[in-house]
Structures are given as C-alpha cells and as structure tokens.
Amino acid sequence: FTQPGKFIGITEAEVTGSMLVVNDTAELSSILVDGKPLEGFSPETTNYTLYLDYGAPVPSVEATAKDNAAVTIIPALDNKGQTTIEVVSESGSFTREYVIDFMEKGAPIVSAQLTADSTALVEDDIVGLQVTALKQDGSPVPADAMTVSYTVEQTPGDTLEIIGNRIYAYHEGTARITAQVSYDGKTVSSNTLEITVSPGSADKEIVNLEKVEVTTALGTAPVLPTQVKATYNVGLPRMVDVRWDEIPAANYQKFGQFNV
C-alpha cells in the first residue's frame, strides 16, 4: 500500500563468491647471506651464529617469508653485531623474530722473522735461533701458540743440523735456513738466513762409534747404514761415513746374532 509521501519497496539480491581469508603464518622460507643460502637454515630455527674473517665487512642479509607475511630486516652495525629479521603474519596476529649473530675471527698471522745469535759459525759451534711473528692487527703471536719448522738448504749436505731452536755446526760449508710458522690454521714463511761454517782449528780424533743394531730375515744379507754417529775427543758428535767388512753368508743362514 502507499500513502501520500510514503512508500515501501521490496528488493531481492543474491550474493555469490568466496570469503576472503588472511594467513596467520609468521615464518621465513629462506635467508640469503651475501646472496647465498644460510647454512643450516630451517623455518623453525630462529637463532644462528656466523663466523667472519678478521676485518671482513658485515654481510648483506635477504629474507623471504611464507604466505604473504611481512618482513623487516634490521642489519648489524659491524661484524661483531647481529642482524634481526622480524616477520609479521598477513593477518597481523602473529610475529616471529630471527637473529643472526656475527662473530669476528681472531687476527691471523701475517709475518714471521727469523734471527740467529750469529750467522758466521765455526765447526762445533752451537747457536740459538729466534722466531717472532705478528698478527694482522699488529700484535705478536704468543710463542707457545705457534708451531715452527725449518727448511735447510746446505752445501755440503751435512754442514749443520737444527735441533730444537739451535744450530749445530758440523762441517765447513754454507746453508740457507727458512722458518715456517703456523698459527690458528695459517702458515707463513720467514726471511731466509744465510749461514757460513768455517773449519775449526782443533785436531780431532774419533774416540767412539755409536753401536748399530740391524735385523734381517733368515738367509737375507743385512742392509747396514752408510753412516754412524761418531764421538770425538773434542767438539760435537756427528755422523761419519763408514765402510763395513764383508759379511760371510754363513752368518745369516742361521738364527742368532753376530758382530760385523
């Protein structure tokens, strides 16, 4: 019905379609550090530690979230800081925080210096060697934290010997000594020392030869060393060339011991 100035209307409407659903997921699907996947990454793991070389810049960090979640990255200020990644679900109802802690490795060894008490030696001299090393930050490498080995080039081949950190001069000749110094997984070479050994003036006589024991199989001639250690009336013991008497075959055709 109608009345003056009034009316009533009836309308029919049909609505079709899908209900809009927003996600509650607050997880990352990946993290990239300097463009490479973060090792050991898992969406459920939120804390990571990365070790950086000494002096390395802060790595760039990128992150991708699942299900349209929002990502905010707060970068570390230096290579001893942390980068924080905040994830907010699409619905805004859930959040999660991922943290990457950066740890700077100690300064590596960069140089080594080799010195000797003297480089002009005489036969039978014993002189000390000293090795010092520096790290990249200019601080010294502690002596008890480094490992030292030596490379020796000498003419003749038995001019000297290094035992521990000492040179034992045996014969006239020349030698070049270089130290290899290892610290915290890195090795550097030192400068090279030029060593000369001059002949001594003392008259020396062999007073004893070191006893040598050799084992051989039955029926097999023993192989004897070409050098043995000799002790002199003065000066250092040293290796000397030896020549052995011929061994009768009957000596090694039976079990037992015999002298040569």
Side-chain angles (χ1 to χ4, degrees), residues 18-115 129-151 162 164-165 177-192:
S18 300
M19 181 180 295
L20 179 63
V21 177
V22 291
N23 294 292
D24 289 332
T25 304
E27 284 186 354
L28 293 179
S29 58
S30 69
I31 298 177
L32 300 181
V33 178
D34 279 345
K36 298 180 180 179
L38 175 62
E39 185 175 354
F41 171 74
S42 169
E44 292 77 28
T45 302
T46 57
N47 289 86
Y48 300 89
T49 300
L50 290 183
Y51 291 89
L52 306 177
D53 290 337
Y54 178 81
V58 179
S60 65
V61 175
E62 302 172 67
T64 302
K66 297 181 179 180
D67 299 334
N68 299 317
V71 175
T72 301
I73 298 177
I74 305 171
L77 297 179
D78 56 41
N79 60 7
K80 297 177 184 177
Q82 62 179 208
T83 289
T84 302
I85 306 170
E86 297 178 350
V87 184
V88 180
S89 66
E90 186 181 31
S91 65
S93 302
F94 297 91
T95 62
R96 180 171 292 190
E97 184 177 88
Y98 294 79
V99 175
I100 304 175
D101 286 299
F102 295 110
M103 304 289 290
E104 184 184 42
K105 297 178 182 178
I109 185 173
V110 293
S111 66
Q113 181 71 24
L114 175 63
T115 59
L129 288 170
Q130 298 82 38
V131 178
T132 56
L134 293 177
K135 294 187 279 188
Q136 189 173 337
D137 61 2
S139 63
V141 177
D144 60 356
M146 61 186 181
T147 302
V148 180
S149 61
Y150 297 98
T151 300
I162 298 177
N165 290 315
I177 303 174
T178 307
Q180 286 75 46
V181 184
S182 299
Y183 169 72
D184 199 23
K186 182 179 178 181
T187 300
V188 298
S189 294
S190 73
N191 56 301
T192 298

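Numbering of residues begins at 1 and proceeds along the displayed sequence. Computation of the quantities below employed the complete heavy-atom set of this structure, encompassing side-chain atoms and omitting hydrogens, waters and symmetry-equivalent molecules. Being a predicted model, the structure only gives us computed values, none of them experimental.
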Would you sort out whether Q130 and T115 count as a side chain to side chain donor-acceptor pair (under 3.5 Å), showing the intermediate values? CA-CA 5 Å; Q130 298 82 38; T115 59; 3.1 Å; yes
I need the minimum non-hydrogen distance between I73 and A63, along with the two atoms involved. CD1-N, 3.8 Å
Check each of D53, D137, D184 against K105 using the salt bridge (Lys or Arg N to Asp or Glu O under 4.0 Å) test, and report the only one that passes. D53
Identify the heavy atoms of Y54 and G106 that sit nearest to each other, and give their distance. CB-O, 3.7 Å
Would you mind reporting whether E97 and V99 have side-chain heavy atoms less than 4.5 Å apart? yes
Surrounding NZ of K186 (heavy atoms of other residues, nucleotides or ligands, distance under 6.0 Å), is the total greater than 12? yes
One should read off an interatomic distance between E86 CD and I74 CD1, to the nearest 0.5 angstrom, of 4.5 Å
When every non-hydrogen atom of L52 is compared with those of A56, the smallest separation belongs to CB-CB, 4.3 Å
Closer than 3.5 angstrom, by distance alone: can the side chain of T83 be matched with the main-chain N or O of A76 as a donor-acceptor pair? yes
Taking every non-hydrogen atom, the tightest pair across V58 and N79: CG2-N, 3.5 Å
For residues 64-72, which side-chain donor-acceptor pairs fall under 3.5 Å, sequence neighbours excluded?
residue	atom	partner	partner atom	Å
K66	NZ	E27	OE1	3.0
D67	OD2	T25	OG1	2.9

Side chains of S91 and D24: donor-acceptor distance under 3.5 Å anywhere? yes
Show, in sequence, the C-alpha distance, side-chain angles and deciding distance for Y98 and L38, and conclude whether the side chain to side chain contact (heavy atoms under 4.5 Å, CB included) test is met. CA-CA 12 Å; Y98 294 79; L38 175 62; over 6 Å; no
For the pair F102 and D78, evaluate side chain to side chain contact (heavy atoms under 4.5 Å, CB included) and give the outcome as yes or no after the intermediate values. CA-CA 8 Å; F102 295 110; D78 56 41; over 6 Å; no
Once you round to the nearest 0.5 Å, how far does CD1 of I31 lie from CD1 of I85? 4.0 Å
How long is the gap from CZ on F41 to CG on L32, to the nearest 0.5 Å? 9.5 Å
Under the rule for side-chain hydrogen bond (donor to acceptor under 3.5 Å, both in side chains), what residues qualify as partners of Y51, not counting sequence neighbours? none
Can you measure from OG1 (T151) to CD (Q180) and round to the nearest 0.5 angstrom? 3.5 Å
Would you say T192 and T178 are linked by a side-chain donor-acceptor pair, where the criterion is simply a distance under 3.5 Å? yes
Do you know which two heavy atoms are closest between N23 and S89, and how far apart they sit? O-CB, 3.8 Å
Using every non-hydrogen atom in the two residues, find where I177 and L114 come nearest and quote the distance to one decimal. O-CD2, 3.6 Å
Distance check, rounded to the nearest 0.5 Å: E104 atom CD versus L50 atom CG? 13.5 Å
Nearest-0.5 Å distance, CD of residue Q113 to OG of residue S111: 8.0 Å
Side-chain touch L28/P43, heavy atoms, less than 4.5 angstrom: no
